[in-house]
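To start, the structure itself, in structure tokens.
All values below come from the heavy atoms of this structure, side chains included, with hydrogens, waters and symmetry mates left out. The first residue of the sequence shown is numbered 1, and numbering continues consecutively from there.
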Amino acid sequence: APVADFVSTHQPATMAPAPKESFFFARAKPNVAEAPVDPLSKKKAVRMLIDGQAYSIPDAFARIHPGGDVIYNYNNKDASDVFAMFHPASTLERLKRFPHEPASTMVVPQESKEFRDLRQWAFDNGLFNASLPYFAFKLSILIGLVAGGSMLAMSSQGSIAMCVLGGLLVGLGLSQAGWYAHDVLHHQIFHSRVANDFLGYFIGNFIQGFSVTWWKNKHNTHHACSNVHGEDPDIDTVPFVAWDKRDVPSFNNLSPASKFWLRHQHFFVIPLMGAAQVSWRIQSLFTIPEVRSNRTVEAATLGLHYAAYFAVIGRVAATDGGALAAAAFVLATEVFGGWGKAFPFVLNHSGCEVVGKDHTWSHVRLQVATSRDVVGSSAFTQSLVDFFMGGLNYQIEHHLFPDMPRHNLHLMVPRVKEICKRHSIPYIEECAAAGYKAVYKNLREIASLVPN
């Protein structure tokens, strides 16, 4: 049977619903609760339009889709560009085992045609080929930061200042590990997806302490539905942070404490971001019982991470500083690790356009108009932005070409700008200070709408 054949090579990521939503932990909300009856197969199915063909994806498969519920968001929509972003060409051949027919009503906007031509140009010119020396160098930096910070704290002789400095270095290293895992799990480094996944387990699970499965489910949905209200999990964070006016109706159901928090969210968001790493750690641990594919690898690598982490904490606690020194090290590691990831994170899309589920934008327009590129004012500041943002300062280009190695994204900027100019697509490019100002302004505007 087609479903069985397809599932055999695409094991679903999870078996059960995720835990209850929490800070930066929102699940994607599909447009439909279940697939409608498709006129082609006469059965419940998701009708996806890909490269001029309408595919009838059985609901039986859609419910266990490796990419999660996001497949429902593309019911009867053009999924050509999203499909190409996340699947190798061989997957399209397997997709053809499902019932399909020409999509006679499918209209491809000119901006999408030009984007697809640009992607082909980039492929023909080798821009999807990674520089292995570059990524080896980046790997050595993050390992050096984590190892160096740990050794500094363990040899601190109880100095609180040295423990905090050690934690800062480890937190910075964990943030760099986050950017590196992001790259490898987008299949930027190797042509082998298996090799990328297992390097991802080493960097993401063992070094950083985040579950690969948890991250993929959340992040892939974000890419497919960038800043789509009710679909993008990255902006579904009420009652902790409200990013858009469409959240206002939900405020009436909040407790007085939650309303107070949101009325002052533009102040509270900074300490809140310091808790992001702890929150993401907890979410990753909740995911493990649900993992179906490579659960042993997931559990083992996360277990090794915590074994190493607690061993370092134990060594720090054994110094003259005792438990206070260990607490200082842990607090610095988690807070700086949270800030190191969350501060760049909010620049990527916050304060940019947010659209409703009923939007009719093309994939290109959605990805560009909801993202922000961050630039430096000089070669030096640009290098700092590149480092601390892990290359995601080219957020627009990354969202258009997520499998392109970060070191090539800047080469796409002029050509992407040309397409945007021809089709009047907003292209946001600004310095970090201007970006944070826009984020703050947006948070404050939403805070002013919270009722008493």
Side-chain angles (χ1 to χ4, degrees), residues 81-82 84-86 109-131 133-135 137-138 176 179-180 182-184 186-189 219 222-224 226-227 234 343-353 361-439:
D81 297 312
V82 175
M85 285 195 310
F86 294 113
Q110 183 61 30
E111 59 201 39
S112 296
K113 294 178 182 178
E114 293 182 20
F115 160 71
R116 294 170 191 178
D117 289 341
L118 179 57
R119 183 179 176 87
Q120 187 61 50
W121 174 86
F123 181 83
D124 293 341
N125 284 274
L127 297 184
F128 286 94
N129 296 327
S131 167
Y134 173 88
F135 280 105
F137 176 65
K138 289 295 182 181
Q176 292 298 310
W179 309 139
Y180 198 99
H182 169 272
D183 291 348
V184 73
H186 268 302
H187 305 292
Q188 294 180 14
I189 301 180
H219 193 69
H222 159 68
H223 264 269
S226 176
N227 269 19
D234 285 359
F343 266 103
F345 171 85
V346 298
L347 278 178
N348 293 335
H349 304 281
S350 305
C352 298
E353 188 75 28
W361 285 2
S362 69
H363 171 79
V364 178
R365 188 172 295 269
L366 179 67
Q367 302 302 323
V368 175
T370 61
S371 303
R372 174 189 290 111
D373 272 14
V374 181
V375 295
S377 58
S378 66
F380 175 70
T381 56
Q382 185 64 54
S383 65
L384 290 179
V385 171
D386 289 344
F387 176 77
F388 284 105
M389 293 193 69
L392 293 180
N393 42 303
Y394 298 106
Q395 186 68 198
I396 293 173
E397 290 67 33
H398 168 64
H399 261 250
L400 292 173
F401 312 100
D403 48 344
M404 179 179 288
R406 69 166 95 160
H407 54 72
N408 287 335
L409 290 174
H410 70 283
L411 299 174
M412 303 302 296
V413 172
R415 295 176 184 271
V416 171
K417 284 183 175 179
E418 288 177 6
I419 293 178
C420 292
K421 184 177 181 180
R422 277 196 298 272
H423 299 283
S424 301
I425 301 175
Y427 186 102
I428 303 175
E429 182 182 60
E430 53 195 5
C431 67
Y436 284 124
K437 183 178 179 179
V439 173

Does the side chain of H399 come under 3.5 Å of the side chain of H363 through a donor N or O and an acceptor N or O?
-> no
Any chance CZ of F123 has more than 12 other-residue heavy atoms, nucleotides or ligands included, within less than 6.0 Å?
-> no
Do Q188 and H182 get their side chains close enough for a donor-acceptor pair, meaning under 3.5 Å?
-> no
Are any side-chain N or O atoms of S350 and backbone N or O atoms of L347, one a donor and one an acceptor, separated by less than 3.5 Å?
-> no
Does H222 offer a backbone N or O that forms a donor-acceptor pair with the side chain of S226 under 3.5 Å?
-> no
Might you point out which heavy atoms bring F135 and A130 nearest each other, and give the distance in Å?
-> CE1-CB, 3.8 Å
Do the non-hydrogen side-chain atoms of N393 and D386 ever get within less than 4.5 Å of each other?
-> yes
Search all heavy atoms of R372 against all heavy atoms of A438 and return the closest pair with its distance.
-> NH2-CB, 3.6 Å
E353 and T370: side chain donor to acceptor below 3.5 Å = no
Before accepting this row, confirm whether a basic side-chain N of the pair K437/E430 lies closer than 4.0 Å to the acidic partner's carboxylate O.
-> no
Are the side chain of R365 and the backbone N or O of P426 linked by a donor-acceptor pair below 3.5 Å?
-> no
On the 0 to 90° scale, with breaks at 30° and 60°, tag the F115-F401 ring pair as parallel, tilted or perpendicular.
-> tilted
Q395 side chain vs L392 backbone, donor-acceptor pair below 3.5 Å | yes
Lys/Arg N to Asp/Glu carboxylate O, K417 vs E429, below 4.0 Å | yes
Short N-O contact, R415 and D117, less than 4.0 angstrom = no
